[in-house]
Asks: 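Pasting in a structure now, in structure tokens, and then I'll have a few things to ask.
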Amino acid sequence: MIFVIGGVTAAGKSSLAFKLAKAIGGIIINADAYAFYRELNIGTAKPTEEELASVPTFLFNNLSISDPYSIYDYQQDVRRLIAIYEQSKRPIILVGGSGLYIRAALYDYRLSPNIGIVIEDNFEESNASLHQRLTLIDPVAAAKIHPNNRKRVLRALAISENQSRTETNHERHLKSGPLFPFTMIVLDALNEVLERRIHERTTDMFVSGLRQEVNDICQKYPQNAQGLQAIGYKEILANPSMTDDELIALISLRTRQYAKRQRTFFRHQFSNATWFSDQHEAYLFLIKKYEDSL
RNA sequence: GGCCCGAUAGCUCAGCUGGUAGAGCAACGGACUGAAAAUCCGUGUGUCGCCGGUUCAAUCCCGGCUUGGGCCA
């Protein structure tokens with residue numbers, strides 16, 4: 001039995017997941033792309049060490065920000081865990097705000113290893129020219145990617161060139177439904193409520209020493225490390241002279257915008273999810289689903 | 001009290017001495033099978049401070065007023 005708890009940031013996904021896991025004896029798998037990194041703590045609003053130890057949890061703090069890790073690796077890791085716990089009949093709770101990672105775990109996303117995390121970009125070629133090249137190699141992928149979306153064009157080129165596989169012949173074999181049956185809820189909140197929670201949470205992060213955490217990380221790792229692209233970290237790095245209040249305002253804004261993107265993704269990519277703005281109602285719903293499955 | 005500069009979108013500001021306005025950010029909507037807390041796309045929402053004047057026509061020119069800032073008393 002797989003339960004998926006998705007939703008926008010600061011909606012209370014983690015605490016719901018832990019409550020549910022304790023109630024039904026489940027295990028928790030992280031689906032939050034920045035909760036992997038053990039160096040990122042304050043700014044990621046990750047569950048505390050105590051919480052993480054209170055039930056079996058996986059894929060939290062499993063990486064250093066200098067480790068190479070991709071959605072391919074994630075897919076492998078999650079599917080391995082699913083295989084183990086499905087067999088032992090223990091409920092699996094997949095929780096996190098990274099919708100693409102949830103999809104890659106549960107749907108027929110065929111990925112190849114060793115594409116690498118970062119695509120080299122020497123900026124010598126224009127967006128239009130890169131896109132033109134992609135059109136020749138993989139017209140299906142090119143049609144789906146806007147020429148200005150340079151990052152995705154480069155990625156698609158790398159996939160086509162290195163894997164001798166194109167979207168065109170790739171998609172023919174895809175299964176459209178999920179590979180595993182699962183029950184999914186999306187946790188959301190009214191904008192006013194969410195705004196208030198985000199602001200409070202961001203303020204708390206500064207009180208807890210987010211600036212210091214960022215400084216410490218910069219002593220040991222390059223500033224372009226992927227983990228430092230996280231909201232909160234990148235704003236502090238980019239604006240060293242801003243006051244705490246200015247940074248809190250900026251980070252809260254970026255977090256609200258992120259929540260909006262999450263909402264759009266979950267709404268359109270998970271049509272069979274049930275939405276809740278109340279954590280307790282979501283909890284009761286999931287408990288009921290669990291009991292029905294027994 | 002006198003002089004000078006400003007007042008245009010939610011914010012910061014553009015706007016050739018005349019033909020009822022546009023950038024960035026924000027906001028709103030969207031895409032997304034390989035950086036996803038990433039990346040990208042679409043949408044202008046406006047008594048151009050107020051009142052009068054000149055003109056076929058005023059955000060623009062003229063007068064007055066209100067208001068913010070600066071300088072001089």
Side-chain angles (χ1 to χ4, degrees), chain A residues 6-10 13 30-37 40 42-46 63 65 67-76 96-121 127 130-131 138 140-141 143-163 165-168 170-176 178-179 191 195 198 201-202 205 224-237 249-270:
Chain A
V8 304
T9 188
K13 297 186 293 294
N30 169 48
D32 223 284
Y34 283 83
F36 304 139
Y37 302 108
L40 308 182
I42 298 168
T44 55
K46 217 160 40 178
L63 298 175
I65 56 172
D67 290 339
Y69 193 74
S70 69
I71 195 164
Y72 168 81
D73 300 305
Y74 179 76
Q75 185 185 53
Q76 299 291 304
S98 301
L100 180 65
Y101 281 59
I102 296 173
R103 281 199 60 100
L106 303 176
Y107 288 81
D108 191 13
Y109 277 32
R110 298 186 191 182
L111 310 167
S112 313
N114 305 324
I115 290 295
I117 310 295
V118 177
I119 305 299
E120 290 297 324
D121 187 349
N127 288 349
L130 282 171
H131 193 261
D138 189 345
V140 172
K144 285 199 301 200
I145 304 173
H146 192 281
N148 290 354
N149 203 340
R150 190 177 181 94
K151 208 186 236 187
R152 292 224 185 128
V153 173
L154 285 167
R155 163 111 307 160
L157 280 169
I159 291 169
S160 308
E161 286 167 358
N162 299 340
Q163 303 301 309
R165 184 209 85 189
T166 65
E167 293 291 333
T168 318
H170 166 63
E171 292 202 334
R172 222 169 274 154
H173 311 288
L174 289 181
K175 235 183 103 172
S176 57
L179 299 177
N191 266 328
E195 239 169 79
I198 287 171
R201 195 176 73 174
T202 308
M205 287 175 183
N224 61 4
Q226 180 52 32
L228 291 174
Q229 285 305 300
I231 292 173
Y233 297 83
K234 67 166 177 281
E235 284 76 16
I236 290 176
L237 285 172
L250 177 63
I251 292 167
S252 300
L253 172 72
R254 299 268 104 100
T255 307
R256 269 181 269 136
Q257 294 173 327
Y258 168 49
K260 193 189 162 100
R261 272 177 273 135
Q262 287 179 301
R263 220 175 252 155
T264 305
F265 193 88
F266 282 114
R267 193 159 53 218
H268 294 90
Q269 301 286 322
F270 297 98

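Sequence lines set the chain letters: A, B, ... in the order given, protein chains first and strands last, and positions in each chain run from 1.
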Asks: Mind checking the C1' distance from B/G10 to B/G44? Whole angstroms is fine.
Replies: 12 Å
Asks: Assess the side chains of A/Tyr233 and A/Gln229: does a donor N or O sit below 3.5 Å from an acceptor N or O?
Replies: no
Asks: What's the gap between B/A31 and B/U47 when it is taken at their P atoms, as a whole Å value?
Replies: 32 Å
Asks: For A/Ala104, which contact category applies under a 4.0 Å heavy-atom criterion: base, sugar-phosphate, or nothing?
Replies: nothing
Asks: So, is A/Gln269 near the phosphate of B/C32, with a side-chain N or O under 4.0 Å from OP1 or OP2?
Replies: yes
Asks: Dot-bracket notation for RNA chain B is requested: 5' to 3', Watson-Crick or G-U wobble pairs only, both distances under 3.5 Å, with ( ), [ ], | and . as defined.
Replies: (((((((..((((.....[..)))).(((((.......))))).....(((((..]....)))))))))))).
Asks: Check the interface with nucleotides 25-28 of chain B: list each N/O to N/O pair with the protein under 3.5 Å, or write none.
Replies:
from	atom 1	to	atom 2	distance (Å)
B/A26	OP1	A/Arg254	NH2	2.5
B/A26	OP1	A/Gln257	NE2	3.3
B/A27	OP2	A/Gln257	NE2	2.7
B/C28	OP2	A/Lys260	NZ	3.3
B/C28	O5'	A/Lys260	NZ	3.3

Asks: Whole angstroms only, please: what is the OH-P distance between A/Tyr74 and B/U33?
Replies: 16 Å
Asks: Does A/Ser98 put a side-chain nitrogen or oxygen below 4.0 Å from OP1 or OP2 of B/A37?
Replies: yes
Asks: Could you work out, with ring-ring contact (aromatic ring centres under 6.0 Å, His included) as the rule, every residue matching A/Phe36, not counting sequence neighbours?
Replies: A/Tyr69, A/Tyr74
Asks: C1' atom, B/U55 versus B/G63: distance in rounded Å?
Replies: 16 Å
Asks: Do you know which two heavy atoms are closest between A/Asn127 and A/Pro147, and how far apart they sit?
Replies: CB-O, 3.5 Å
Asks: Specify the separation, in whole Å, of atom CD1 of A/Ile236 and atom C1' of B/A37.
Replies: 14 Å
Asks: Indicate the atoms forming the closest heavy-atom contact of A/His146 with A/Val153, along with that distance.
Replies: O-CG2, 3.9 Å
Asks: Ignoring hydrogens, what is the shortest heavy-atom contact between A/Tyr109 and A/Arg103? Give both atom names and the distance.
Replies: OH-NE, 2.7 Å
Asks: Look up atom CD in A/Gln269 and atom CD1 in A/Ile102, then write down how far apart they are to the nearest 0.5 Å.
Replies: 11.5 Å
Asks: Using the C1' atom as the reference point in each nucleotide, state the distance between B/U39 and B/C32 in Å, no decimals.
Replies: 9 Å
Asks: Suppose you measure atom P in B/G19 against the same atom in B/U59; what distance do you get, rounded to whole Å?
Replies: 10 Å
Asks: With a non-hydrogen cut-off below 4.0 angstrom, is A/Arg267 in contact with a base, only sugar-phosphate, or nothing?
Replies: sugar-phosphate
Asks: Roughly how far, to the nearest 0.5 Å, is CG of A/Asn148 from CG of A/Leu130?
Replies: 11.5 Å
Asks: Work out which heavy atom in A/Ala10 is nearest to a heavy atom in A/Ile198; give both atom names and the distance.
Replies: CB-CG1, 3.9 Å
Asks: In terms of side-chain heavy atoms of A/Ala230, which of B/U33, B/A37, B/A31 is nearest?
Replies: B/A37
Asks: Looking only at non-hydrogen atoms, find the nearest pair between A/His131 and A/Ile145 and report the distance.
Replies: NE2-O, 2.8 Å
Asks: B/A37 phosphate, OP1 or OP2: any side-chain N/O from A/Tyr34 under 4.0 angstrom?
Replies: no
Asks: Encode nucleotides 40-45 of chain B as B, S and - characters from 5' to 3', where the letter depends on protein heavy atoms closer than 4.0 Å: B to the base, S only to sugar-phosphate, - to neither.
Replies: SS----
Asks: What is the distance, to the nearest angstrom, from the CD1 atom on A/Ile231 to the C1' atom on B/U39?
Replies: 13 Å
Asks: Classify A/Phe265 by what it touches in the nucleic acid, base, sugar-phosphate, or nothing, heavy-atom distance under 4.0 Å.
Replies: base
Asks: With C1' as the reference atom in both, quote the distance from B/U12 to B/A26 in angstrom, rounded to an integer.
Replies: 11 Å
Asks: If you compare all heavy atoms of A/Ala230 against all heavy atoms of A/Tyr34, which two are closest, and at what distance to 0.1 Å?
Replies: CB-CD2, 3.6 Å
Asks: On a whole-Å scale, what distance lies between the P atoms belonging to B/A57 and B/G18?
Replies: 16 Å
Asks: Starting at atom NZ of A/Lys144, determine the distance to atom P of B/U33, rounded to an integer number of angstrom.
Replies: 6 Å
Asks: In chain order, what residues pass the side chain to side chain donor-acceptor pair (under 3.5 Å) check against A/Arg201, with sequence neighbours excluded?
Replies: A/Thr9
Asks: To the nearest Å, how far apart are A/Leu100 CG and B/A31 C1'?
Replies: 13 Å
Asks: Base, sugar-phosphate or nothing for A/Thr255? Non-hydrogen atoms, less than 4.0 Å.
Replies: nothing
Asks: I need the A/Ile251 CD1 to A/Lys234 NZ distance, nearest 0.5 Å.
Replies: 9.5 Å
Asks: Looking across every strand, which nucleic acid part, if any, lies under 4.0 Å from A/Gly43 by heavy atom: base, sugar-phosphate, or nothing?
Replies: base
Asks: Taking the C1' atom of each, how far is B/C41 from B/A14, in whole Å?
Replies: 25 Å
Asks: Mind checking ring-ring contact (aromatic ring centres under 6.0 Å, His included) for A/Phe270 and listing every partner two or more places apart, or none if nothing turns up?
Replies: A/Phe266
Asks: Of all the nucleotides listed (B/A31, B/U33, B/A37), which has the minimum atom distance to the side chain of A/Lys234?
Replies: B/A37
